[in-house]
Visitor: 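Following this message is one structure expressed as structure tokens.
Here is the naming used below: chain letters follow the sequence lines, and residue numbers restart at 1 for every chain. What you see below is based on every heavy atom in this structure, not just the backbone, and it leaves out hydrogens, waters and symmetry mates.
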Protein chains: 2
Amino acid sequence: MSVRVLEHPRVEEIRLEAVLRALADPARLEVVCFLARTGGEAACSEIDLAVSKSTGTHHYRVLREAGVINQVYRGTAKMSSLRKADLDALFPCLLDSVISAAAKRPRTQRNK
Amino acid sequence: MSVRVLEHPRVEEIRLEAVLRALADPARLEVVCFLARTGGEAACSEIDLAVSKSTGTHHYRVLREAGVINQVYRGTAKMSSLRKADLDALFPCLLDSVISAAAKRPRTQRNK
DNA sequence: ATCGTACTACGACAGTCATCGTAATACGAC
DNA sequence: GTCGTATTACGATGACTGTCGTAGTACGAT
């Protein structure tokens, strides 16, 4: 591998089903909530998921390919951030409602 | 089969991931939009999905088990309706944003 | 150039999912 | 009871998903 450019869907390519599907997983929801909380970028390694590294990579890719997050390489780190503006434009209120619902629910519901 | 009672999750058993997952399918989204549009109940046969009957049954069950719709038998018909109040209470604004997003997007995006 | 950290690619695996056809059940009308 | 409509149960199938370990690449620091 030598390509250090990550493919992202253009705004008009983002599909509602794909976004919902991407959000319908505890690990991915955790990533989204983390990014929403901190507001900016985060390296994959900052967010510790309850899964292996390779599984983590998989989840980040699903989020990116659905158009939920943006990812760029910065040195050895891969920084992720929410595509909040894009999502809000396409699906007003969706992201906020999912995030606040996820944040509010009891910890007992946080795992699959 | 002689049981004519359908199991539904109680409000407190409804889980965000399950709801998102249930909504992340074109056929099921179509059912939800139809029910939202008409406001009340509808028989399975009123909503024609682009899938076979048995697949339709499967999708209705997924929606019901996720807590998105309510189903009751009325004669030979099985009437479905949105659990809008329950969902709004749990995840404010979520359902509305999904429905309006689904309704607004171009027809070219309506199929998987 | 070597090392360590961060991340990925690949292949494997078990589990779930969407799909269907066929056969069967439930109920109302006759 | 018989018929027709509405829906389901069952089993099969192919595709996708989440999971992982191993081996590898990319990059910054030394």
Visitor: Measure from the side-chain heavy atoms of Val51(A) and tell me the nearest of dA6(C), dC20(C), dC20(D).
Guide: dC20(D)
Visitor: Which of these nucleotides, dT7(D), dG18(D), dC7(C), is closest to any side-chain atom of Cys44(A)?
Guide: dC7(C)
Visitor: Using a strict cut-off of less than 4.0 Å between a Lys/Arg side-chain nitrogen and an Asp/Glu carboxylate oxygen, indicate whether Glu41(B) and Arg74(B) qualify as a salt bridge.
Guide: yes
Visitor: Between Tyr60(B) (OH) and dA9(D) (C1'), how many Å, whole number?
Guide: 18 Å
Visitor: Is there a side-chain contact between Ser52(B) and the phosphate of dC20(C), meaning an N or O under 4.0 Å from OP1 or OP2?
Guide: yes
Visitor: Mind calculating the distance between CD1 (Ile47(A)) and C1' (dA6(C)) to the nearest angstrom?
Guide: 14 Å
Visitor: If each of Ala77(B) and Gly75(A) is mapped to the nucleotide of DNA chain D with the nearest heavy atom, which maps nearer the 5' terminus, i.e. the 5' end?
Guide: Ala77(B)
Visitor: Is there a path of hydrophobic side-chain contacts, each under 4.5 Å between heavy atoms, that joins Val11(A) and Val72(A)?
Guide: no
Visitor: dC27(D) phosphate, OP1 or OP2: any side-chain N/O from Arg74(A) under 4.0 angstrom?
Guide: no
Visitor: Output the rounded distance in Å from CE (Met79(B)) to P (dG28(C)).
Guide: 14 Å
Visitor: In this structure, how many angstroms lie between the C1' atom of dA6(C) and the CD atom of Gln71(A), rounded?
Guide: 13 Å
Visitor: Choose from dT7(D), dC20(D), dA18(C) the nucleotide whose nearest atom is closest to any side-chain atom of Val62(B).
Guide: dA18(C)
Visitor: Phosphate oxygens OP1/OP2 of dT16(C): is one of them under 4.0 Å from a side-chain N or O of Arg21(B)?
Guide: no
Visitor: Have a look at Ala43(B) and say if it touches a base, only the backbone sugar-phosphate, or nothing, with a 4.0 Å heavy-atom cut-off.
Guide: sugar-phosphate
Visitor: Starting at the 5' end of DNA chain C, which residue's closest nucleotide do you reach first, Thr76(A) or Lys53(B)?
Guide: Thr76(A)
Visitor: For Glu7(A) and dA9(C), give me the distance from atom CD to atom C1', rounded to whole Å.
Guide: 16 Å
Visitor: How long is the line joining CG of Leu49(B) and P of dA18(C), in whole Å?
Guide: 13 Å
Visitor: Nearest to the side chain of Tyr73(B), heavy atoms from C-beta on, is which of dA18(C), dC7(C), dT7(D)?
Guide: dT7(D)
Visitor: Whole-Å distance between dC16(D) C1' and Asp25(B) CG?
Guide: 13 Å
Visitor: Is His8(A) reaching over with its side chain to a backbone N or O of Gln71(A), donor-acceptor style, under 3.5 angstrom?
Guide: yes
Visitor: Distance check, rounded to the nearest 0.5 Å: Ile99(A) atom CD1 versus Leu94(A) atom CG?
Guide: 9.5 Å
Visitor: Quick one: is dA9(C) close enough that its OP1 or OP2 comes under 4.0 Å of any side-chain N or O from Ser54(A)?
Guide: no
Visitor: Does Thr55(A) make a side-chain N or O approach to OP1 or OP2 of dC20(D) shorter than 4.0 Å?
Guide: yes
Visitor: Measure CD/Glu17(A) against C1'/dC16(D) and give the value in whole Å, please.
Guide: 16 Å
Visitor: I'd like to know if Arg21(A) pairs up with Asp25(B) as an ion pair, taking the criterion as any Lys NZ or Arg NE/NH1/NH2 lying under 4.0 Å from an Asp or Glu carboxylate oxygen.
Guide: no
Visitor: From the list dT7(D), dA9(D), dA18(C), which nucleotide is the closest neighbour of the side chain of Arg61(B)?
Guide: dA9(D)
Visitor: Checking Ser52(B) against Thr55(B) for the side chain to side chain donor-acceptor pair (under 3.5 Å) test, could you report, in this order, the C-alpha distance in whole Å, the side-chain angles of both residues, the deciding distance, and whether it holds?
Guide: CA-CA 5 Å; Ser52(B) 73; Thr55(B) 304; 3.0 Å; yes
Visitor: Quick check for you: among dC20(D), dA6(C), dA18(C), whose closest atom lies nearest to any side-chain atom of His59(B)?
Guide: dA18(C)
